[in-house]
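Since the structure is predicted, the reported quantities are computational estimates derived from the model, not experimental observations.
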Amino acid sequence: LIMMMLAFHGPRNLGIHEYCDDFTTGHRNFSPKYYHPIFEVFGATTVVRLNQSYYDRQDFLSAGFNHVDLPFLDGATPSEDFARGFFEAVDHSPGMVAVHCSS
């Protein structure tokens, strides 16, 4: 089995911080920069965002990662066109694909 995808918690714009605890939800949020070294270790070259934007995609692009936006409604069934776009992004990635939604 060839590892092609890495799922991760959707990043947030956090200013200068790489992570921040949200005490109202009990979640820890991470910035795009937090993920850069992790993705390098795993050989991820492309980031696919499946939700609305909570960060600037330039944070990944400027670090040398490809970035693909394929947003769709959380909990909805993706269309055939969406599925084609997703698999096209996976097929054209030179390395592992890191995928996230808002969760």
Worksheet item: Of all heavy-atom pairs between Ala89 and Val97, which one has the smallest distance, and what is that distance?
Response: O-CG2, 4.5 Å
Discussion item. Quick check on the hydrophobic clustering: are Val41 and Val47 connected, directly or via other members, by side-chain heavy-atom contacts under 4.5 Å?
Written reply: yes
Practice prompt. Search all heavy atoms of Ala44 against all heavy atoms of Ala98 and return the closest pair with its distance.
Written response: CB-CB, 4.3 Å
Worksheet entry | Phe39-Leu61 co-clustered via ILVMFWY side chain contacts under 4.5 Å | no
Worksheet entry | Any Asn13 side-chain heavy atom under 4.5 Å of Tyr54 side chain | no
Worksheet entry | Results of salt bridge (charged side-chain N to carboxylate O under 4.0 Å, His left out) for Asp56 - residues two or more places apart only | none
Item to complete: For the pair Arg57 (side chain) and His67 (backbone), establish whether a donor and an acceptor sit closer than 3.5 Å, ignoring hydrogens and angles.
Response: yes
Worksheet entry | Shortest non-hydrogen contact from Phe30 toward Leu14 | C-CD1, 3.7 Å
Fill in: side chain to side chain donor-acceptor pair (under 3.5 Å) partners for Gln58, two or more places apart
none
Worksheet, complete the sentence: Sequence neighbours excluded, the answer for side chain to side chain donor-acceptor pair (under 3.5 Å) partners of Asn66 is Thr46
Worksheet item: For the residue pair Phe8 and Phe60, does the interplanar ring angle fall in the parallel (under 30°), tilted (30 to 60°) or perpendicular (over 60°) class?
Response: perpendicular
Worksheet item: Could you give the distance from NE2 (His17) to OG (Ser31), rounded to the nearest 0.5 Å?
Response: 10.0 Å
Worksheet item: How many angstroms lie between atom CD of Glu40 and atom CE of Met96, to the nearest 0.5 angstrom?
Response: 13.5 Å
Discussion item. For Arg49 versus Gln52, what's the shortest heavy-atom pair and its separation?
Written reply: CD-O, 4.0 Å
Discussion item. Please report the interatomic distance CG(Leu70) to CG(Asn51), rounded to the nearest 0.5 Å.
Written reply: 11.0 Å
Worksheet item: For Tyr55, does the OH atom have more than 12 heavy-atom neighbours from other residues, nucleotides or ligands under 6.0 Å away?
Response: yes
Worksheet item: In chain order, what residues pass the ring-ring contact (aromatic ring centres under 6.0 Å, His included) check against Tyr19, with sequence neighbours excluded?
Response: none
Item to complete: Name all residues meeting the ring-ring contact (aromatic ring centres under 6.0 Å, His included) criterion together with Phe72; count only those two or more places apart in sequence or in a different chain, and write none if there are none.
Response: Phe82
Discussion item. Looking at Arg84 and Glu88, is any side-chain nitrogen of the basic one under 4.0 Å from a carboxylate oxygen of the acidic one?
Written reply: no
Worksheet item: Donor-acceptor pair, Tyr35 side chain versus Gly10 backbone, under 3.5 Å?
Response: no
Fill in: Residue pairs passing the salt bridge (Lys or Arg N to Asp or Glu O under 4.0 Å) test where at least one lies in residues 17-33, sequence neighbours excluded
Asp21-Arg28
Worksheet item: With the 4.5 Å side-chain cut-off for hydrophobic clustering, are Val99 and Met4 part of the same group?
Response: yes
Discussion item. Between His36 and Asp59 (side chain of the first, backbone of the second, donor and acceptor by atom type, cut-off under 3.5 Å), is there such a pair?
Written reply: yes
